[in-house]
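Report on one structure; see the data block that follows.
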Amino acid sequence: TGCWYGERSELPPDARNNDKPVVIQTPGEHKLLMSDVPGGDGILLCAPGGAYVQIDEKGVTVGNGQGTSIELIGNEVNINQGRLVVPKRQ
């Protein structure tokens, strides 16, 4: 229905934080979390297996939940926590 009128204990764990993020979560644990807290999660889209896409003030991160990731931060692309860093073309 788009509204929540239940008990706090029934909320998804991420929605119980004091910073009051917006959390949409399916029964199968697919999740969309949005937070305006500086330095927080920003926009986070998660799959039950751990794969995610995060967009925040630093940039964009795509991860598979098993340790591999691609980060678009500043003027470079960082693959797998520094295994390959591609700077912006000069």
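Every heavy atom of this structure was used, including side-chain atoms; hydrogens, water molecules and symmetry mates were not. The chain is numbered in sequence order, starting from 1.
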Exercise. Under 4.5 Å between side-chain heavy atoms, hopping through other hydrophobics if needed: is there a path connecting I55 to L72?
Worked result: yes
Seminar exercise, completed: When every non-hydrogen atom of L44 is compared with those of C46, the smallest separation belongs to CG-SG, 3.5 Å
Exercise. Side chains of M34 and P21: closer than 4.5 Å at any heavy-atom pair?
Worked result: no
Exercise. Does any non-hydrogen side-chain atom of I70 lie less than 4.5 Å from one of V60?
Worked result: no
For this session: State yes or no: do I73 and V62 share one hydrophobic cluster built from I, L, V, M, F, W and Y residues joined by side-chain heavy-atom distances below 4.5 Å, directly or via other members?
Result: no
Exercise. With the 4.5 Å side-chain cut-off for hydrophobic clustering, are L33 and V53 part of the same group?
Worked result: no
Exercise. Do you know which two heavy atoms are closest between A47 and H30, and how far apart they sit?
Worked result: CA-CD2, 4.2 Å
For this session: Might you point out which heavy atoms bring T61 and S69 nearest each other, and give the distance in Å?
Result: CG2-CB, 4.4 Å
For this session: Indicate yes or no for a side-chain donor-acceptor contact from Q54 to the backbone of G42 under 3.5 Å, with no hydrogens or angles considered.
Result: no
Exercise. Does a sphere of radius 6.0 Å around CD in E29 hold more than 12 heavy atoms from other residues, nucleotides or ligands, not counting ones at 6.0 Å or beyond?
Worked result: no
Exercise. Just by modelled atom types, is the G39 backbone N or O under 3.5 Å from a matching donor or acceptor in the E57 side chain?
Worked result: yes
Problem set entry | For P87 against V85, the heavy-atom pair lying closest together | CD-O, 3.6 Å
